[in-house]
Trainee: 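Dropping the structure in here first, questions after.
FYI, the numbering just counts along the sequence from 1.
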Amino acid sequence: MSPQEKNIRLEEAKETLEDSLQYLINDAKEYDKGNFKAIKRAAGTLRTLLLDPENPHPKSNTESLLHVLNVKDNITMKSFIKPKAADAIDYNYIFFARFRDRRTRNKYYDTFLFYPEGAPKDLDFNTWWNEDLITFKGNVYGEDEPINSSISRKDLIKIEANQDGVDHFDKNIRGKTSKNYFWFKWGRTGFHIIGPVDPIIHAQLLGGDYDPSETDISGRDINLALTRQVVHETLISLLPYFNLQLNYKPDFDTNWHAKLNRQGWKFNVYNNNKKE
């Protein structure tokens, strides 16, 4: 490419960055109104912004926008992962939430919400990108060998965009990291509430109509709450860095107050037997 063409492509990259951040804002707005599936579109946008190939071919043109703009080594990313995380299981600011199911024939939609509290911490890009959103490791089920099913931002966005139907849908699931993602999404990995549950506890922690036959409860689609977190962190990091005056007004309260369970709760486990 000629120097003039390179300059044109650099300006186009800047325009694409601004467009991409606006797409993230639009998807976040839909999610915050209760259209939870809308946030999944953001995985493709985040991949374009953030994901570089691990072993790029010398002549490959596949680069993230942040790499094209040469800012990955300089940018500071905001993280809502607690500095003192539980060392076995830690959901950080991801909370269980029950809603009326208006999409399927199921009575309830048991899922999760990202509900941040306090100020985020600052991280360099690579530390942030590889940081675990959920910690899930140790002998949490009494296994002979410790397990590690933790999910990082990089794993979440790569699998959600490339394998779970945003830009591509993989029929078969291969590899430990991919299985971790889908088992969390399906509710296989995580907590299970084995009933019957006391009616008072049911009203506080689950909500909805009390049903003593409700005997195995778990949340699904945690990937959507995690994607909402990554979208939020990306926007509050990149908008000021690039001095872009886009209108991002996150609304975490609408979904929070619409959930049927009166109390928001999460599940943390420490290897020293301390639990939350």
Trainee: Is it true that atom NZ of Lys176 has more than 12 heavy atoms of other residues, nucleotides or ligands lying nearer than 6.0 Å?
Mentor: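 Counting other residues, nucleotides and ligands, NZ of Lys176 exceeds 12 neighbours.
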Trainee: Just so I know, are the side chains of Tyr93 and Lys82 near enough to count as touching, which here means a heavy-atom distance under 4.5 Å?
Mentor: yes
Trainee: Scan residues 222-248 for pairs that pass salt bridge (charged side-chain N to carboxylate O under 4.0 Å, His left out), counting only residues two or more places apart or in two chains.
Mentor: Asp32-Arg228, Arg153-Glu233
Trainee: Between Lys40 and Asp27, is there a side-chain N and carboxylate O pair less than 4.0 Å apart?
Mentor: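 A salt bridge is absent here (no side-chain N lies under 4.0 Å from a carboxylate O).
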Trainee: Please step through salt bridge (Lys or Arg N to Asp or Glu O under 4.0 Å) for the pair Asp124 and Lys72, ending with a clear verdict.
Mentor: CA-CA 8 Å; Asp124 66 85; Lys72 270 195 169 181; over 6 Å; no
Trainee: Is the Phe252 to Phe114 ring centre distance short of 6.0 Å?
Mentor: yes
Trainee: Tell me whether Asp90 is salt-bridged to Lys266, with the criterion being a basic N under 4.0 Å from an acidic carboxylate O.
Mentor: no
Trainee: Check step by step if side chain to side chain contact (heavy atoms under 4.5 Å, CB included) holds for Thr48 and Leu65.
Mentor: CA-CA 6 Å; Thr48 300; Leu65 272 175; 4.2 Å; yes
Trainee: So, Tyr91 versus Phe136, ring centres under 6.0 angstrom or not?
Mentor: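 No, ring centres 6.0 Å or more apart.
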Trainee: Do Ser64 and Asp52 pair up side chain to side chain, a donor and an acceptor below 3.5 Å, judged on atom types alone?
Mentor: yes
Trainee: Is it the case that over 12 heavy atoms from other parts of the model lie below 6.0 angstrom from the CD1 atom of Ile194?
Mentor: yes
Trainee: Ion pair present between Lys121 and Glu131, side-chain N to carboxylate O less than 4.0 angstrom?
Mentor: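 Result for this pair is yes, salt bridge flagged.
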Trainee: Cationic tip of Lys259 within the cone over Trp256's six-membered ring, i.e. under 6.0 Å and within 45° of the normal?
Mentor: yes
Trainee: Has the side chain of Asp251 got a donor or acceptor atom that lies under 3.5 Å from a matching backbone atom of Asp253?
Mentor: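 Answer holds: yes.
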Trainee: Under the rule for side-chain hydrogen bond (donor to acceptor under 3.5 Å, both in side chains), what residues qualify as partners of Arg47, not counting sequence neighbours?
Mentor: Asn162, Asp167
Trainee: Report yes if the side chains of Leu235 and Ile25 come closer than 4.5 Å at any heavy-atom pair, otherwise no.
Mentor: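 Touching, per the 4.5 Å side-chain cut-off.
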Trainee: For side-chain hydrogen bond (donor to acceptor under 3.5 Å, both in side chains), just list the numbers for Asn223 and Tyr181, CA-CA rounded to whole Å, side-chain angles, deciding distance to a tenth of an Å, and then say yes or no.
Mentor: CA-CA 8 Å; Asn223 57 299; Tyr181 168 90; 3.2 Å; yes
Trainee: Any chance you could lay out the side-chain hydrogen bond (donor to acceptor under 3.5 Å, both in side chains) test for Asn243 and Gln245, step after step, and finish with the verdict?
Mentor: CA-CA 6 Å; Asn243 194 29; Gln245 305 303 311; 3.1 Å; yes
Trainee: Quick test of your reading of the model: are Asp122 and Lys78 salt-bridged, counting only N-O distances below 4.0 Å?
Mentor: yes
Trainee: For residues 32-51, pull every pair meeting ring-ring contact (aromatic ring centres under 6.0 Å, His included), keeping only residues two or more places apart or in separate chains.
Mentor: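 Qualifying pairs: Tyr31-Phe36, Phe36-Phe99.
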Trainee: Establish, from distance only, whether the side-chain atoms of Thr16 and Asp19 form a donor-acceptor pair under 3.5 Å.
Mentor: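 No, because no side-chain N or O of Thr16 sits under 3.5 Å from a partner of the opposite role on Asp19.
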Trainee: Do the side chain of Asn35 and the main chain of Glu30 share a donor and acceptor less than 3.5 angstrom apart?
Mentor: no
Trainee: For residues Leu69 and Leu17, determine if any side-chain heavy atom of one lies less than 4.5 Å from a side-chain heavy atom of the other.
Mentor: yes
Trainee: Is the number of heavy atoms from other residues, nucleotides or ligands under 6.0 Å of Arg100 CZ greater than 12?
Mentor: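 For Arg100, atom CZ is crowded (more than 12 foreign heavy atoms under 6.0 Å).
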Trainee: Dump the intermediate steps for side chain to side chain contact (heavy atoms under 4.5 Å, CB included) on Leu46 and Val231, then the final yes or no.
Mentor: CA-CA 8 Å; Leu46 289 167; Val231 166; 3.9 Å; yes
Trainee: Measure the shortest side-chain to side-chain distance between Ile81 and Trp128 over non-hydrogen atoms and say whether it is less than 4.5 angstrom.
Mentor: no
Trainee: Do Phe80 and Ile236 have side chains that approach each other closer than 4.5 Å (heavy atoms only, starting at C-beta)?
Mentor: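 Contact flag for Phe80/Ile236 side chains = yes.
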Trainee: Could you check Asn7 against Glu11 for side-chain hydrogen bond (donor to acceptor under 3.5 Å, both in side chains), going step by step and ending with a plain yes or no?
Mentor: CA-CA 6 Å; Asn7 288 334; Glu11 290 303 311; over 6 Å; no
